[in-house]
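Okay, structure first, notes after.
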Amino acid sequence: MPILEKISQASQARHWTDSIPLEFHYTAGVAGEEFRRELKRNGRFLASECSKCKNSYVPARMFCPSCFIEMKETRTLEEPGYVYSYTTVNRNRTGEPNGPVTLALIRFEGVKGGIVHKLNVSEPSSVTFGMKVVSILKEASARTGALTDILAFKPA
Amino acid sequence: MPFQIGIVGVGYAGFDSMTPGLSTRELMFEAATRAYEDAGIDPRKDVQSFVCCTEDFWEGISITDEYMPDQLGAVLRPLCTISSDGIIGLATACMHIMSGIADVAVVESHSKISDVVNPDEIASFAYDPVYTHHHFDADPRFLAGMEMARYLKETGTKREYCAQVAVKNKKNALSNPRGVHGANIDKGIVMNSQVAASPLTELESSKGIDASIVFVLASAQKARKLGDHTVWIKGIGWSSDTPVVEDRDLARAEYVEQAAGRAYKMANIRSPASYLDLAEVDDTYSYKELQSLEALKLATKGKAGKMVDAGAFDIDGRLPVNASGGSLGVGHLLEATGLHRTLEAVMQLRGQAGRLQVPSAKRALVQSWRGIPTATGAVAVLGN
Ligand SMILES: [Zn+2]
(Lines give C-alpha, C1' and ligand atoms only; values in the text may rest on other atoms or scores of the structure.)
Protein backbone atom coordinates (compact mmCIF):
# COMPACT_ATOMS: atom_id res chain seq x y z
CA MET A 1 0.00 0.00 0.00
CA PRO A 2 1.50 3.39 -0.94
CA ILE A 3 1.20 6.48 1.19
CA LEU A 4 -2.44 7.50 0.85
CA GLU A 5 -2.57 10.81 2.67
CA LYS A 6 0.11 13.08 1.34
CA ILE A 7 1.09 16.60 2.19
CA SER A 8 -0.68 18.82 -0.32
CA GLN A 9 0.08 22.25 1.13
CA ALA A 10 3.58 23.70 0.76
CA SER A 11 3.16 25.40 4.15
CA GLN A 12 2.77 21.99 5.80
CA ALA A 13 6.04 20.64 4.41
CA ARG A 14 8.38 21.01 7.39
CA HIS A 15 11.99 20.22 8.02
CA TRP A 16 14.48 20.90 10.74
CA THR A 17 18.14 21.71 10.44
CA ASP A 18 21.08 20.26 12.31
CA SER A 19 24.77 19.81 11.70
CA ILE A 20 27.31 17.10 12.43
CA PRO A 21 30.43 18.49 14.12
CA LEU A 22 33.32 16.46 12.78
CA GLU A 23 36.93 16.71 13.82
CA PHE A 24 39.78 14.35 13.08
CA HIS A 25 43.48 13.85 13.40
CA TYR A 26 44.88 12.52 10.15
CA THR A 27 48.03 10.53 10.85
CA ALA A 28 50.80 11.39 8.40
CA GLY A 29 52.35 7.94 8.74
CA VAL A 30 55.93 6.77 8.27
CA ALA A 31 56.40 7.93 4.67
CA GLY A 32 54.27 11.04 5.26
CA GLU A 33 56.52 11.98 8.18
CA GLU A 34 59.62 11.76 5.97
CA PHE A 35 57.95 13.86 3.29
CA ARG A 36 57.04 16.49 5.88
CA ARG A 37 60.52 16.56 7.39
CA GLU A 38 62.16 17.14 4.01
CA LEU A 39 59.66 19.90 3.16
CA LYS A 40 60.08 21.61 6.52
CA ARG A 41 63.88 21.42 6.75
CA ASN A 42 65.02 21.69 3.18
CA GLY A 43 62.01 22.96 1.26
CA ARG A 44 62.15 20.04 -1.13
CA PHE A 45 59.71 17.33 -2.21
CA LEU A 46 60.47 13.73 -1.31
CA ALA A 47 59.60 10.83 -3.61
CA SER A 48 59.64 7.08 -2.89
CA GLU A 49 61.30 4.67 -5.29
CA CYS A 50 60.16 1.10 -5.96
CA SER A 51 62.94 -1.49 -6.05
CA LYS A 52 60.92 -3.71 -8.38
CA CYS A 53 59.32 -1.50 -11.07
CA LYS A 54 61.84 1.35 -10.54
CA ASN A 55 59.06 3.93 -10.59
CA SER A 56 59.21 6.91 -8.22
CA TYR A 57 56.17 8.42 -6.59
CA VAL A 58 55.56 11.83 -5.06
CA PRO A 59 54.44 12.52 -2.36
CA ALA A 60 56.53 9.79 -0.74
CA ARG A 61 54.52 6.76 0.31
CA MET A 62 55.01 3.40 1.96
CA PHE A 63 54.01 0.98 -0.79
CA CYS A 64 54.08 0.78 -4.57
CA PRO A 65 50.56 0.91 -6.07
CA SER A 66 51.48 -1.35 -8.98
CA CYS A 67 53.77 -3.90 -7.23
CA PHE A 68 52.22 -3.98 -3.75
CA ILE A 69 55.62 -3.99 -2.06
CA GLU A 70 57.18 -1.66 0.47
CA MET A 71 59.22 1.19 -0.99
CA LYS A 72 62.36 1.76 1.09
CA GLU A 73 64.32 4.15 -1.13
CA THR A 74 63.59 7.85 -1.27
CA ARG A 75 64.94 10.73 -3.30
CA THR A 76 64.43 14.48 -3.34
CA LEU A 77 63.06 16.07 -6.47
CA GLU A 78 64.59 18.82 -8.53
CA GLU A 79 62.42 21.75 -9.53
CA PRO A 80 61.06 23.04 -11.87
CA GLY A 81 58.09 20.77 -12.22
CA TYR A 82 55.65 21.03 -15.09
CA VAL A 83 51.90 21.51 -15.58
CA TYR A 84 50.27 18.16 -16.42
CA SER A 85 46.72 19.57 -16.44
CA TYR A 86 44.98 22.71 -15.22
CA THR A 87 41.65 24.40 -14.68
CA THR A 88 40.16 27.66 -13.44
CA VAL A 89 37.30 27.68 -10.94
CA ASN A 90 35.11 30.49 -9.66
CA ARG A 91 33.86 29.14 -6.36
CA ASN A 92 35.36 27.92 -3.13
CA ARG A 93 34.81 24.49 -1.62
CA THR A 94 31.54 25.51 0.03
CA GLY A 95 30.11 26.83 -3.24
CA GLU A 96 30.57 30.54 -2.49
CA PRO A 97 31.75 32.78 -5.37
CA ASN A 98 35.53 33.06 -5.13
CA GLY A 99 38.04 33.52 -7.86
CA PRO A 100 38.93 33.01 -10.53
CA VAL A 101 41.49 30.57 -9.09
CA THR A 102 43.73 28.59 -11.41
CA LEU A 103 44.77 25.15 -10.20
CA ALA A 104 47.18 22.70 -11.76
CA LEU A 105 48.40 19.16 -11.30
CA ILE A 106 52.15 19.69 -11.08
CA ARG A 107 54.38 16.80 -12.04
CA PHE A 108 58.12 16.28 -12.02
CA GLU A 109 60.22 14.81 -14.80
CA GLY A 110 60.47 11.03 -14.52
CA VAL A 111 58.27 10.78 -11.40
CA LYS A 112 54.74 9.50 -10.98
CA GLY A 113 52.19 11.34 -8.86
CA GLY A 114 52.45 15.05 -8.26
CA ILE A 115 50.94 17.94 -6.35
CA VAL A 116 47.67 19.74 -7.04
CA HIS A 117 47.96 23.39 -6.14
CA LYS A 118 47.18 26.98 -7.05
CA LEU A 119 49.08 28.38 -9.97
CA ASN A 120 49.94 32.05 -9.60
CA VAL A 121 49.45 33.56 -13.05
CA SER A 122 48.07 36.97 -13.95
CA GLU A 123 46.16 35.55 -16.91
CA PRO A 124 44.62 32.03 -16.74
CA SER A 125 44.83 31.80 -20.54
CA SER A 126 48.64 32.01 -20.33
CA VAL A 127 48.86 28.51 -18.80
CA THR A 128 49.93 25.70 -21.14
CA PHE A 129 50.42 21.94 -20.82
CA GLY A 130 54.03 21.21 -19.94
CA MET A 131 54.70 24.76 -18.71
CA LYS A 132 57.64 24.78 -16.28
CA VAL A 133 56.74 25.87 -12.77
CA VAL A 134 58.41 26.27 -9.37
CA SER A 135 56.98 26.25 -5.86
CA ILE A 136 56.51 29.28 -3.64
CA LEU A 137 57.18 28.13 -0.07
CA LYS A 138 56.74 29.72 3.34
CA GLU A 139 59.89 30.96 5.06
CA ALA A 140 61.83 28.04 6.60
CA SER A 141 61.09 29.29 10.12
CA ALA A 142 57.33 29.30 9.47
CA ARG A 143 57.17 25.84 7.91
CA THR A 144 55.48 22.95 9.74
CA GLY A 145 55.91 20.25 7.12
CA ALA A 146 52.26 20.35 6.05
CA LEU A 147 51.27 20.81 2.43
CA THR A 148 50.20 24.31 3.49
CA ASP A 149 53.92 25.15 3.57
CA ILE A 150 53.55 25.38 -0.20
CA LEU A 151 51.74 28.64 -0.91
CA ALA A 152 51.40 28.08 -4.65
CA PHE A 153 53.38 27.36 -7.80
CA LYS A 154 54.43 29.97 -10.34
CA PRO A 155 55.95 29.97 -13.84
CA ALA A 156 59.66 29.17 -13.66
CA MET B 1 26.12 -22.07 -18.69
CA PRO B 2 25.65 -18.40 -19.56
CA PHE B 3 25.35 -15.95 -16.68
CA GLN B 4 21.72 -14.93 -16.18
CA ILE B 5 20.03 -13.07 -13.34
CA GLY B 6 16.52 -11.70 -13.87
CA ILE B 7 15.36 -8.16 -13.16
CA VAL B 8 11.75 -8.98 -12.29
CA GLY B 9 10.59 -5.70 -10.80
CA VAL B 10 11.43 -2.00 -10.75
CA GLY B 11 9.91 0.90 -8.86
CA TYR B 12 10.80 4.49 -8.25
CA ALA B 13 9.58 7.65 -6.55
CA GLY B 14 10.65 11.25 -6.73
CA PHE B 15 12.60 12.43 -9.77
CA ASP B 16 12.26 16.06 -8.85
CA SER B 17 14.61 18.87 -7.87
CA MET B 18 13.15 18.68 -4.37
CA THR B 19 10.68 16.40 -2.57
CA PRO B 20 9.63 18.34 0.54
CA GLY B 21 6.45 16.32 1.06
CA LEU B 22 8.16 13.01 1.74
CA SER B 23 10.96 12.02 4.09
CA THR B 24 13.80 9.90 2.71
CA ARG B 25 12.27 6.81 4.25
CA GLU B 26 8.83 7.58 2.82
CA LEU B 27 10.36 8.11 -0.61
CA MET B 28 11.99 4.67 -0.31
CA PHE B 29 8.72 3.14 0.88
CA GLU B 30 6.91 4.41 -2.20
CA ALA B 31 9.59 3.15 -4.58
CA ALA B 32 9.71 -0.23 -2.84
CA THR B 33 5.91 -0.58 -2.86
CA ARG B 34 5.89 -0.03 -6.63
CA ALA B 35 8.77 -2.42 -7.26
CA TYR B 36 7.18 -5.23 -5.22
CA GLU B 37 3.87 -4.67 -7.02
CA ASP B 38 5.71 -4.78 -10.34
CA ALA B 39 7.44 -8.04 -9.41
CA GLY B 40 4.37 -9.55 -7.78
CA ILE B 41 6.17 -10.40 -4.54
CA ASP B 42 5.71 -9.90 -0.81
CA PRO B 43 8.96 -8.59 0.74
CA ARG B 44 8.08 -10.09 4.12
CA LYS B 45 8.07 -13.61 2.68
CA ASP B 46 9.71 -13.76 -0.74
CA VAL B 47 13.02 -11.87 -0.39
CA GLN B 48 16.18 -13.41 1.10
CA SER B 49 18.56 -10.49 0.67
CA PHE B 50 18.20 -6.69 0.72
CA VAL B 51 21.03 -4.44 -0.47
CA CYS B 52 21.11 -0.65 -0.02
CA CYS B 53 23.62 1.68 -1.61
CA THR B 54 24.03 4.75 0.58
CA GLU B 55 26.69 6.87 2.24
CA ASP B 56 26.51 8.41 5.70
CA PHE B 57 27.62 11.90 4.68
CA TRP B 58 24.86 12.25 2.08
CA GLU B 59 22.31 10.97 4.60
CA GLY B 60 23.38 13.21 7.46
CA ILE B 61 23.42 10.25 9.83
CA SER B 62 26.06 7.80 11.01
CA ILE B 63 25.45 4.10 10.35
CA THR B 64 22.70 5.09 7.93
CA ASP B 65 22.42 1.42 6.92
CA GLU B 66 20.76 0.68 10.24
CA TYR B 67 17.87 2.93 9.18
CA MET B 68 17.07 1.02 6.00
CA PRO B 69 15.01 -2.06 7.00
CA ASP B 70 11.51 -0.76 7.88
CA GLN B 71 10.64 1.06 4.66
CA LEU B 72 11.80 -1.88 2.52
CA GLY B 73 9.96 -4.59 4.39
CA ALA B 74 13.33 -5.86 5.59
CA VAL B 75 12.99 -5.89 9.39
CA LEU B 76 14.60 -9.04 10.82
CA ARG B 77 15.69 -10.06 7.33
CA PRO B 78 19.20 -10.24 5.81
CA LEU B 79 20.15 -6.67 4.83
CA CYS B 80 23.45 -5.03 4.07
CA THR B 81 24.49 -1.62 2.88
CA ILE B 82 27.33 -1.05 0.50
CA SER B 83 28.65 2.47 0.16
CA SER B 84 29.03 2.45 -3.58
CA ASP B 85 27.09 3.02 -6.78
CA GLY B 86 23.84 1.11 -7.41
CA ILE B 87 25.27 -1.07 -10.19
CA ILE B 88 27.77 -2.43 -7.68
CA GLY B 89 24.70 -3.04 -5.49
CA LEU B 90 23.18 -5.03 -8.36
CA ALA B 91 26.42 -7.01 -8.62
CA THR B 92 26.27 -7.73 -4.88
CA ALA B 93 22.69 -8.98 -5.23
CA CYS B 94 23.75 -11.14 -8.21
CA MET B 95 26.44 -12.73 -6.02
CA HIS B 96 23.94 -13.43 -3.24
CA ILE B 97 21.70 -15.15 -5.79
CA MET B 98 24.51 -17.07 -7.49
CA SER B 99 25.84 -18.28 -4.15
CA GLY B 100 22.45 -19.72 -3.29
CA ILE B 101 21.96 -17.42 -0.29
CA ALA B 102 18.98 -15.83 -2.03
CA ASP B 103 16.48 -16.68 -4.73
CA VAL B 104 15.11 -13.15 -4.74
CA ALA B 105 17.15 -10.08 -3.80
CA VAL B 106 16.22 -6.40 -3.57
CA VAL B 107 18.51 -3.46 -4.35
CA GLU B 108 17.69 0.09 -3.31
CA SER B 109 19.47 3.41 -3.68
CA HIS B 110 18.32 6.99 -3.40
CA SER B 111 19.25 10.64 -3.41
CA LYS B 112 17.70 13.25 -1.12
CA ILE B 113 20.24 15.85 -2.15
CA SER B 114 17.70 18.64 -1.59
CA ASP B 115 18.09 17.97 2.15
CA VAL B 116 21.88 18.39 2.03
CA VAL B 117 22.75 21.95 3.00
CA ASN B 118 26.37 21.91 1.82
CA PRO B 119 26.88 19.23 -0.85
CA ASP B 120 30.00 20.94 -2.23
CA GLU B 121 31.69 20.65 1.13
CA ILE B 122 30.84 16.94 1.39
CA ALA B 123 32.28 16.42 -2.10
CA SER B 124 35.42 18.35 -1.06
CA PHE B 125 35.86 16.17 2.01
CA ALA B 126 36.20 13.17 -0.30
CA TYR B 127 39.64 14.39 -1.38
CA ASP B 128 42.69 13.03 0.41
CA PRO B 129 42.77 14.90 3.74
CA VAL B 130 46.57 15.08 3.92
CA TYR B 131 47.67 15.67 0.33
CA THR B 132 44.81 17.13 -1.71
CA HIS B 133 42.21 18.77 0.49
CA HIS B 134 43.71 21.35 2.79
CA HIS B 135 46.16 23.63 1.02
CA PHE B 136 43.72 25.42 -1.31
CA ASP B 137 40.05 26.32 -1.24
CA ALA B 138 38.34 25.53 -4.53
CA ASP B 139 35.17 24.15 -6.12
CA PRO B 140 35.56 20.34 -5.86
CA ARG B 141 34.88 20.05 -9.58
CA PHE B 142 38.45 21.23 -10.20
CA LEU B 143 39.30 17.59 -10.90
CA ALA B 144 36.60 17.41 -13.59
CA GLY B 145 38.10 20.50 -15.23
CA MET B 146 41.57 18.92 -15.19
CA GLU B 147 40.26 15.62 -16.57
CA MET B 148 38.37 17.36 -19.35
CA ALA B 149 41.37 19.52 -20.31
CA ARG B 150 43.62 16.47 -20.45
CA TYR B 151 41.04 14.39 -22.35
CA LEU B 152 40.64 17.11 -24.98
CA LYS B 153 44.39 17.50 -25.34
CA GLU B 154 45.25 13.81 -25.62
CA THR B 155 42.42 12.83 -27.95
CA GLY B 156 42.40 15.99 -30.05
CA THR B 157 38.64 16.20 -29.47
CA LYS B 158 37.08 19.56 -30.33
CA ARG B 159 35.83 21.36 -27.25
CA GLU B 160 32.40 21.98 -28.81
CA TYR B 161 31.77 18.23 -29.08
CA CYS B 162 31.49 18.08 -25.29
CA ALA B 163 28.83 20.78 -25.46
CA GLN B 164 26.98 18.65 -28.00
CA VAL B 165 26.66 15.89 -25.36
CA ALA B 166 24.78 18.33 -23.12
CA VAL B 167 22.62 19.49 -26.05
CA LYS B 168 21.69 15.90 -26.98
CA ASN B 169 20.98 14.68 -23.45
CA LYS B 170 18.99 17.72 -22.37
CA LYS B 171 16.90 17.46 -25.53
CA ASN B 172 16.23 13.74 -24.94
CA ALA B 173 15.14 14.49 -21.38
CA LEU B 174 12.32 16.71 -22.67
CA SER B 175 10.55 13.49 -23.74
CA ASN B 176 11.28 11.70 -20.45
CA PRO B 177 8.65 12.05 -17.69
CA ARG B 178 11.55 11.70 -15.21
CA GLY B 179 13.59 14.43 -16.89
CA VAL B 180 14.05 17.36 -14.52
CA HIS B 181 16.73 19.20 -16.50
CA GLY B 182 15.47 18.80 -20.07
CA ALA B 183 15.96 21.75 -22.41
CA ASN B 184 16.14 22.60 -26.06
CA ILE B 185 19.34 24.63 -26.30
CA ASP B 186 22.28 24.87 -28.68
CA LYS B 187 26.02 24.43 -28.25
CA GLY B 188 26.57 28.18 -28.02
CA ILE B 189 24.34 28.48 -24.95
CA VAL B 190 26.09 25.51 -23.33
CA MET B 191 29.59 26.85 -23.98
CA ASN B 192 28.68 30.39 -22.91
CA SER B 193 27.06 29.33 -19.64
CA GLN B 194 29.01 30.08 -16.46
CA VAL B 195 32.37 28.35 -16.12
CA ALA B 196 32.27 25.56 -13.51
CA ALA B 197 35.89 24.37 -13.80
CA SER B 198 37.33 25.44 -17.12
CA PRO B 199 36.83 24.23 -19.78
CA LEU B 200 33.73 22.66 -18.17
CA THR B 201 30.67 24.92 -17.94
CA GLU B 202 27.65 24.78 -15.62
CA LEU B 203 25.35 23.41 -18.35
CA GLU B 204 27.85 20.57 -18.85
CA SER B 205 27.78 19.71 -15.15
CA SER B 206 24.81 17.61 -13.99
CA LYS B 207 22.68 18.83 -11.08
CA GLY B 208 21.48 16.73 -8.17
CA ILE B 209 17.83 15.68 -7.88
CA ASP B 210 15.81 13.54 -5.46
CA ALA B 211 14.56 9.99 -6.11
CA SER B 212 14.54 6.48 -4.72
CA ILE B 213 14.86 3.49 -7.06
CA VAL B 214 14.23 -0.15 -6.13
CA PHE B 215 15.07 -3.28 -8.13
CA VAL B 216 13.89 -6.83 -7.55
CA LEU B 217 16.30 -9.48 -8.84
CA ALA B 218 15.72 -13.21 -9.06
CA SER B 219 17.53 -16.37 -10.08
CA ALA B 220 16.77 -17.56 -13.63
CA GLN B 221 14.57 -20.34 -12.33
CA LYS B 222 12.60 -18.06 -10.00
CA ALA B 223 12.36 -15.28 -12.59
CA ARG B 224 10.57 -17.56 -15.03
CA LYS B 225 7.83 -17.99 -12.44
CA LEU B 226 7.51 -14.25 -11.76
CA GLY B 227 5.70 -12.49 -14.57
CA ASP B 228 6.54 -12.05 -18.21
CA HIS B 229 8.55 -8.84 -18.36
CA THR B 230 11.91 -10.06 -17.06
CA VAL B 231 15.02 -8.26 -18.29
CA TRP B 232 18.21 -10.29 -17.89
CA ILE B 233 21.56 -9.24 -16.50
CA LYS B 234 24.02 -11.06 -18.78
CA GLY B 235 27.28 -9.64 -17.59
CA ILE B 236 28.47 -7.30 -14.85
CA GLY B 237 31.85 -5.87 -13.85
CA TRP B 238 33.34 -3.16 -11.70
CA SER B 239 36.74 -1.66 -11.03
CA SER B 240 38.50 1.00 -8.95
CA ASP B 241 41.58 2.94 -9.97
CA THR B 242 43.93 4.46 -7.37
CA PRO B 243 42.38 7.07 -5.07
CA VAL B 244 45.56 9.14 -5.48
CA VAL B 245 44.26 11.63 -8.05
CA GLU B 246 47.81 12.90 -8.61
CA ASP B 247 48.83 9.45 -9.94
CA ARG B 248 46.09 9.19 -12.53
CA ASP B 249 46.30 9.63 -16.25
CA LEU B 250 43.14 11.84 -16.18
CA ALA B 251 42.51 11.55 -19.93
CA ARG B 252 41.37 7.92 -19.92
CA ALA B 253 38.69 6.17 -17.84
CA GLU B 254 40.73 3.03 -17.24
CA TYR B 255 38.33 1.83 -14.54
CA VAL B 256 35.60 1.71 -17.22
CA GLU B 257 37.83 -0.25 -19.60
CA GLN B 258 38.41 -2.82 -16.86
CA ALA B 259 34.78 -3.02 -15.72
CA ALA B 260 33.55 -3.32 -19.31
CA GLY B 261 36.13 -5.97 -20.16
CA ARG B 262 34.79 -8.16 -17.34
CA ALA B 263 31.12 -7.58 -18.22
CA TYR B 264 31.73 -8.24 -21.94
CA LYS B 265 33.60 -11.44 -21.15
CA MET B 266 30.77 -12.71 -18.93
CA ALA B 267 28.20 -11.90 -21.62
CA ASN B 268 30.47 -13.35 -24.32
CA ILE B 269 30.52 -10.12 -26.34
CA ARG B 270 33.34 -9.56 -28.83
CA SER B 271 32.25 -6.43 -30.66
CA PRO B 272 30.08 -4.39 -28.28
CA ALA B 273 29.38 -1.58 -30.77
CA SER B 274 27.52 -3.92 -33.13
CA TYR B 275 26.03 -6.11 -30.36
CA LEU B 276 24.24 -3.34 -28.45
CA ASP B 277 20.97 -1.57 -29.30
CA LEU B 278 21.41 1.22 -26.76
CA ALA B 279 23.63 2.41 -23.92
CA GLU B 280 23.07 4.51 -20.80
CA VAL B 281 26.51 5.72 -19.76
CA ASP B 282 28.12 8.14 -17.35
CA ASP B 283 27.43 11.77 -18.24
CA THR B 284 27.89 13.36 -14.83
CA TYR B 285 29.91 15.89 -16.84
CA SER B 286 29.71 16.28 -20.61
CA TYR B 287 33.22 14.99 -21.37
CA LYS B 288 32.57 11.90 -19.24
CA GLU B 289 30.16 10.54 -21.86
CA LEU B 290 32.83 10.76 -24.59
CA GLN B 291 35.59 9.43 -22.34
CA SER B 292 33.35 6.54 -21.20
CA LEU B 293 32.19 5.64 -24.72
CA GLU B 294 35.81 5.26 -25.77
CA ALA B 295 36.63 3.17 -22.69
CA LEU B 296 33.59 0.99 -23.43
CA LYS B 297 34.87 0.46 -26.99
CA LEU B 298 31.67 1.97 -28.35
CA ALA B 299 33.82 4.56 -30.13
CA THR B 300 37.45 4.42 -31.18
CA LYS B 301 39.80 6.55 -29.11
CA GLY B 302 39.38 10.22 -29.90
CA LYS B 303 36.39 9.67 -32.19
CA ALA B 304 33.45 9.78 -29.74
CA GLY B 305 33.19 13.56 -30.02
CA LYS B 306 32.99 13.54 -33.77
CA MET B 307 30.38 10.76 -33.60
CA VAL B 308 28.16 12.60 -31.12
CA ASP B 309 28.36 15.70 -33.29
CA ALA B 310 27.35 13.68 -36.37
CA GLY B 311 24.29 12.31 -34.53
CA ALA B 312 25.57 8.71 -34.21
CA PHE B 313 24.41 8.61 -30.55
CA ASP B 314 21.02 10.28 -31.07
CA ILE B 315 17.85 8.28 -30.38
CA ASP B 316 17.60 7.56 -34.11
CA GLY B 317 21.36 7.25 -34.55
CA ARG B 318 23.64 4.24 -34.97
CA LEU B 319 23.75 3.56 -31.21
CA PRO B 320 21.38 5.59 -28.99
CA VAL B 321 23.39 6.80 -25.97
CA ASN B 322 21.57 8.28 -22.99
CA ALA B 323 18.27 8.28 -24.84
CA SER B 324 16.77 8.95 -21.39
CA GLY B 325 18.58 12.24 -21.09
CA GLY B 326 21.17 10.81 -18.70
CA SER B 327 22.35 12.74 -15.67
CA LEU B 328 22.68 15.99 -17.62
CA GLY B 329 19.04 15.86 -18.76
CA VAL B 330 17.30 13.96 -15.96
CA GLY B 331 19.51 14.90 -13.01
CA HIS B 332 22.20 13.28 -10.88
CA LEU B 333 21.22 10.86 -8.13
CA LEU B 334 24.37 10.31 -6.04
CA GLU B 335 24.81 6.55 -5.48
CA ALA B 336 21.45 5.85 -7.16
CA THR B 337 22.81 7.11 -10.50
CA GLY B 338 23.72 3.60 -11.71
CA LEU B 339 20.24 2.34 -10.80
CA HIS B 340 18.76 5.26 -12.73
CA ARG B 341 20.66 4.27 -15.87
CA THR B 342 19.58 0.65 -15.34
CA LEU B 343 15.96 1.72 -14.83
CA GLU B 344 15.96 3.61 -18.13
CA ALA B 345 17.49 0.63 -19.95
CA VAL B 346 14.95 -1.76 -18.40
CA MET B 347 12.09 0.48 -19.58
CA GLN B 348 13.59 0.37 -23.08
CA LEU B 349 13.98 -3.41 -23.09
CA ARG B 350 10.42 -3.84 -21.84
CA GLY B 351 9.19 -1.56 -24.62
CA GLN B 352 7.85 0.89 -22.01
CA ALA B 353 10.05 3.89 -22.80
CA GLY B 354 7.26 5.95 -24.37
CA ARG B 355 8.44 8.73 -26.65
CA LEU B 356 12.05 7.70 -25.96
CA GLN B 357 11.53 4.14 -27.16
CA VAL B 358 14.32 2.77 -29.31
CA PRO B 359 12.52 0.48 -31.80
CA SER B 360 12.97 -3.25 -31.10
CA ALA B 361 15.59 -2.69 -28.40
CA LYS B 362 16.92 -6.05 -27.19
CA ARG B 363 20.39 -5.46 -25.79
CA ALA B 364 21.53 -2.61 -23.60
CA LEU B 365 24.61 -1.52 -21.69
CA VAL B 366 24.58 0.54 -18.51
CA GLN B 367 27.65 2.14 -16.97
CA SER B 368 28.16 4.30 -13.92
CA TRP B 369 30.86 6.27 -12.17
CA ARG B 370 30.94 7.14 -8.47
CA GLY B 371 31.73 10.77 -9.16
CA ILE B 372 34.37 13.20 -8.01
CA PRO B 373 37.03 12.38 -6.84
CA THR B 374 36.67 8.64 -7.43
CA ALA B 375 37.82 6.47 -10.30
CA THR B 376 35.36 3.69 -9.62
CA GLY B 377 32.95 2.48 -12.25
CA ALA B 378 30.60 -0.38 -13.00
CA VAL B 379 29.15 -1.86 -16.17
CA ALA B 380 26.23 -4.22 -16.75
CA VAL B 381 24.99 -5.81 -19.97
CA LEU B 382 21.23 -6.36 -20.15
CA GLY B 383 19.00 -8.24 -22.56
CA ASN B 384 15.33 -9.11 -22.85
ZN1 LIG C 1 56.64 -0.99 -8.12
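Source: prediction; values computed, not measured. Just so it is clear: chains get the letters A, B, ... in the order the sequence lines come, proteins before strands, and each one is counted from 1. All values below come from the heavy atoms of this structure, side chains included, with hydrogens, waters and symmetry mates left out.
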**Request:** Quick one: sort the A/Phe45 and A/Phe35 rings into parallel, tilted or perpendicular, breaks at 30° and 60°.
**Result:**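 Correct class here is parallel.
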Under 4.5 Å from any heavy atom of chain A, what part of [X] do you find: side chain, backbone, both or neither?
X        : answer
B/Val195 : both
B/Asp249 : both
B/Asp137 : both
B/Ser124 : side chain
B/Ala149 : both

[X] atom [atom1]: more than 12 heavy-atom contacts under 6.0 Å:
X        : atom1 : value
A/Gln12  : CD    : yes
B/Glu160 : CD    : yes
A/Tyr26  : OH    : yes

Side chain / backbone / both / neither for [X] at chain B, heavy atoms under 4.5 Å:
X        : result
A/Ile20  : side chain
A/Asn98  : side chain
A/Ile106 : neither
A/Val116 : both
A/Phe24  : neither
A/Tyr86  : backbone

Would a 4.5 Å heavy-atom cut-off, applied to side chains only, mark [X] and [Y] as touching?
X        : Y        : answer
A/Met71  : A/Glu49  : no
B/Val190 : B/Thr201 : yes
B/Val10  : B/Ile213 : no
B/Glu202 : B/Lys207 : yes

**Prompt:** Would you find a donor on one side and an acceptor on the other, under 3.5 Å apart, between the side chain of A/Ser48 and the backbone of A/Ala60?
**Reply:**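 No, A/Ser48 side chain to A/Ala60 backbone: no donor-acceptor pair under 3.5 Å.
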**Message:** So if I take each residue of residues 57-74 of chain B and look for any heavy atom under 4.5 Å from a heavy atom in chain A, which residues do I end up with?
**Reply:**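 So far as heavy atoms go, B/Phe57, B/Gly60, B/Ile61 are the residues that approach chain A to under 4.5 Å.
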Looking at [options], which makes the most heavy-atom pairs under 4.5 Å with chain A?
options                               : value
B/Glu121, B/Lys153, B/Met146          : B/Met146
B/Ala197, B/Ser23, B/Pro199, B/Pro140 : B/Ala197
B/Glu37, B/Glu147, B/Arg248           : B/Arg248
B/Asp120, B/Asp115, B/Thr242          : B/Asp120
B/Val245, B/Thr132, B/Leu250, B/Leu22 : B/Leu250
B/His133, B/Met148, B/Glu26           : B/His133

**Request:** May I have the step-by-step check of side chain to side chain donor-acceptor pair (under 3.5 Å) for A/Glu73 and A/Ser51, ending in yes or no?
**Result:** CA-CA 8 Å; A/Glu73 303 300 315; A/Ser51 59; over 6 Å; no
**Request:** State plainly whether the residues B/Arg44 and B/Asp42 are in salt-bridge range, i.e. N to O under 4.0 Å.
**Result:**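 No salt bridge links B/Arg44 with B/Asp42.
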**Message:** Under a 4.0 Å threshold between the charged nitrogen and the carboxylate oxygen, would B/Glu294 count as salt-bridged to B/Lys301?
**Reply:**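 No, B/Lys301 and B/Glu294 are not salt-bridged.
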**Message:** Is there a salt bridge (Lys or Arg N to Asp or Glu O under 4.0 Å) between B/Arg34 and B/Glu30? Walk through the geometry before answering.
**Reply:** CA-CA 6 Å; B/Arg34 290 171 183 154; B/Glu30 289 229 313; 3.6 Å; yes
**Request:** Could you note down all residue pairs passing side-chain hydrogen bond (donor to acceptor under 3.5 Å, both in side chains) where residues 100-117 of chain A supplies at least one of them, sequence neighbours left out?
**Result:**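 Sorted pair list: A/Thr88-A/Thr102.
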**Prompt:** Would A/Ser85 and B/Arg150 satisfy side chain to side chain donor-acceptor pair (under 3.5 Å), going step by step from the backbone distance to the final call?
**Reply:** CA-CA 6 Å; A/Ser85 196; B/Arg150 198 69 209 178; 5.8 Å; no
**Prompt:** Hey, mind stepping through B/Arg141 and B/Tyr285 against side chain to side chain donor-acceptor pair (under 3.5 Å) and telling me if it holds?
**Reply:** CA-CA 10 Å; B/Arg141 292 174 295 180; B/Tyr285 307 111; 5.5 Å; no
**Item:** Rounded distance [0.5 Å steps], OG in B/Ser111 versus CG in B/Asp210
**Value:**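 Going from the OG atom of B/Ser111 to the CG atom of B/Asp210 covers 5.5 Å.
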What residue, out of [options], has the most heavy-atom pairs lying under 4.5 Å from chain B?
options                           : value
A/Ser19, A/Gly114, A/Pro65        : A/Gly114
A/Gly99, A/Gly95, A/Ser8, A/Gly29 : A/Gly95
A/Arg93, A/Arg91, A/Gln9          : A/Arg93

**Item:** Residues in residues 143-156 of chain A near chain B [non-hydrogen atoms, under 4.5 Å]
**Value:**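 So the qualifying residues are A/Leu147, A/Thr148.
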**Message:** Which residues pass the ring pair (Phe, Tyr, Trp, His ring centres under 6.0 Å) test with B/Tyr161, not counting sequence neighbours?
**Reply:**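 For B/Tyr161 there are no ring pair (Phe, Tyr, Trp, His ring centres under 6.0 Å) partners, ignoring immediate neighbours.
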**Message:** Applying side chain to side chain donor-acceptor pair (under 3.5 Å) to B/Thr19 and B/Lys112, what does each step give before you reach the verdict?
**Reply:** CA-CA 8 Å; B/Thr19 47; B/Lys112 191 79 150 110; 3.0 Å; yes
